[in-house]
Amino acid sequence: MSVSAARPGHAPMGEVPATEAQPRRRRFGPRERHDFWVFLALAGPNILLILIFSYRPVLQNIQYSMLNWTLGSASATWVGIGNYVEFFTSPNTLDILRVTAIFTVATVGGSMVLGLIIALALNRPVRGVGLARAAVFAPYVLSGVGVGLVWLFIFDPAIGILGVILRAIGLPGPEWFRDPNLTLAMVIIVYVWKNMGYAAVIYLAGLQAIPRDLLEAAALDGASSWRTFWSVVWPLLSPITFFLLITSVLASLQAFDIIQIMTPLGNGTTTLIYEVYLQAFGQFNRAGYSATVAVVLFVLLVVLTIVQLRYVERRVHYA
Amino acid sequence: MTVTLPKPAPPQGHPLSPRNLWSAALSSYVAIVVVVLIVALPLLWMVLSSFKSPAELITTTPTLFPESFAPTNYVEAAKRIPLVRLFFNSVLVTVIGAGIKVLLAIMTAYALVYVKFPFKNVIFAGILVTLMVPPQVSMLPNFLLISQLGGVNTYWGIILPGLGTGFGTFLLRQQFLSIPKSLTEAAEIDGAGHWRRLWQIVVPVSAPTIATVALVSIVFEWNDYLWPLIIITDPSMMTLPVGLNTLRNSEASALGYPLLMAGSVAIIVPVLIVFVALQRYIIAGLTQGAVKD
């Protein structure tokens, strides 16, 4: 750019090598000391906020998780690992883990597969693609509460439009609100609808970054489009798939808004994260037990991140 | 290397074979139209339903358009929850929260890239780790801290715990690293200090990424639900999502849907407008590598 190119004569020639040689002798000269304070002034507030509101809670949860403590009550009893014993022996836990696993796999898989299909469909020089790309991304930025209410109305077994359509083509309208399997399916569908555009836009960017000559070479060699996709496109997309996998799994383990607004009691939809909320702020106000589940969830997130970094990255092709 | 001669087009099978239909669908406007409809229809249904009377909803033969576009349900919803006040609360929390967040992210990212400091990479990793701590995990300890400080039912109580930012810092650090060093070094030689280099060179050059971070923060603050839900109990201090939850609980019967759709319009449409106006910044931000020149 013009700024850097326009002033070669401006730099005092002798000075530049001198400052580069300095740090060898004096590591912490006045300039470094100045930088030290500048760094703290600039990054300090953010770091402090992160320490107080992200790090402290993780440690404090461990402390709370040892207590039998009703939220709002002034006293608590020390129970040691009692809450953990309860968590790992409770029959509820198995169900919560099952729901969490189904929810995560289905929302992540669903939105990534649909996102890729949409991206492939939109990856062509046709008018309207820009509009479609923006449209498909839109639900991702919308309020989960608003989206949840809209779909609640659509799914409503009594007056929802989905039931009307299903009955019109001769199918029974499912009891979306009552059957725990269906409540879970319903919430998953809404999350996939909301998140697929994110995957689509990112995949689309990846597809557009694939060099033309690679695809043309494959076509010249007579590769079918199916073959081209699996041998050329898919491997080149693997860094993006890896990125999406990580962000989507972490996001789905944090999914709250739509679950809460569509199924406030967590009937069939109590994931780990929703259990943390229900235990503390539901009807029982079991702060200690909620903290226990939060600790377990946090450990799970850490383990998952490490596993993903370890095993997925090895198979990733970086272009 | 073998020389491949151009081949004549291979036989494609029956014109209406599933494979041909599939590729035709993908390559034509059909795909685009289907994709747009999947997204647009539920939202359109929301807007139309927000004008329908309860009687129009219970019928077995629903109509597409409402009988009238009078804002009856909006007026009615505003009687159950202070809709205008909630809207104002949401705007206030969003503007202040996102504004501070973007500022903090810019300053932190600049410090991480341009300012000498011991163990900067460790600090950066420590900031990144927070992306892994979901708000639900920190919810209870933060609730206890903020309520001890008297933050229940206050604006600062809603805003403060969410201000620390890993996402914005991460995105802006990537962007700052991609700025040619010659740019800032030239300014440094001219005697510009960190503050001037930050605001006169780094920030203007990074405007699209900053817009992306700002937009994401705005959307996040506007939609944020869990934290305001637990820290606010006074209806006049609620943000829109929390107010809608109250409305949903008070309108348990099917007849409440028109009011809920009116509320959903109030929370969804402003974000849609912002998104339409600024979507090129998001898309530019997400495809950074390809767009940069």
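Residue numbers begin at 1 in each chain, while the letters A, B, ... track the order of the sequences. Scope of the values below: all heavy atoms of this structure, side chains included, with no hydrogens, waters or symmetry mates.
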Report which part of A/V129 has an atom under 4.5 Å of a heavy atom belonging to chain B: side chain, backbone, both, or neither. both
Table please: side-chain donor-acceptor pairs of residues 135-142 of chain A below 3.5 Å, with sequence neighbours left out.
none

Chain B contact via A/I52 - which portion, at a heavy-atom distance below 4.5 Å: both
Non-hydrogen atoms of A/W193 and B/I38 that approach each other most closely: NE1-O, 2.9 Å
Where does A/V302 contact chain B at under 4.5 Å (heavy atoms): side chain, backbone, both or neither? both
For chain A, which of B/I230, B/L240, B/V276 has the most heavy-atom pairs under 4.5 Å? B/I230
With a 4.5 angstrom heavy-atom cut-off, could you sort out which part of A/Q260 is near chain B: side chain, backbone, both or neither? side chain
Starting at CG of B/L140, measure out to OH of A/Y64 and round the result to the nearest 0.5 Å. 6.5 Å
So, taking the atom named OG1 in B/T130 and the one named CG in A/N46, what distance separates them when rounded to the nearest 0.5 Å? 8.0 Å
Assess whether atom CZ of B/F220 is packed by more than 12 heavy atoms of other residues, nucleotides or ligands within 6.0 Å. no
B/K116 side, atom NZ; A/H34 side, atom NE2 - distance, nearest 0.5 Å: 11.5 Å
So, the part of A/Y55 with a heavy atom under 4.5 Å from chain B: the answer is side chain
How long is the gap from CD1 on B/I123 to CD1 on A/I50, to the nearest 0.5 Å? 11.0 Å
Show every donor-acceptor pair shorter than 3.5 Å between a side-chain atom in residues 260-272 of chain B and any protein atom, with sequence neighbours excluded, or say none if there are none.
| unit_1 | atom_1 | unit_2 | atom_2 | d |
| --- | --- | --- | --- | --- |
| B/S264 | OG | B/L260 | O | 2.9 |

With only heavy atoms counted, which part of A/I47 is less than 4.5 Å from chain B, the side chain, the backbone, both or neither? side chain
Per-residue tally against chain A (heavy atom, under 4.5 Å) across B/A40, B/A109, B/S49 peaks at B/S49
About how many Å separate CG of B/L112 and CG of A/L42, when rounded to the nearest 0.5 Å? 10.0 Å
Can you tell me how far apart CH2 (A/W37) and CZ (B/F117) are? Round to the nearest 0.5 Å. 9.0 Å
Between B/K101, B/H194, B/K120, which residue shows the highest count of heavy-atom pairs closer than 4.5 Å to chain A? B/H194
Between chain A and each of B/L244, B/N245, B/V36, count heavy-atom pairs under 4.5 Å; write down the option with the most. B/N245
Are A/Y277 and B/Q136 close enough that a side-chain donor and a side-chain acceptor fall under 3.5 Å? no
Checked B/L229, B/L226, B/V274 vs chain A; the most non-hydrogen pairs under 4.5 Å come from B/L226
Please flag which part of A/R56 lies under 4.5 Å from any non-hydrogen atom of chain B: side chain, backbone, both or neither. side chain
Which atoms of A/L250 approach chain B - backbone, side chain, both or neither, heavy atom under 4.5 Å: side chain
What part of A/L297 lies closer than 4.5 angstrom to a heavy atom of chain B: side chain, backbone, both or neither? side chain
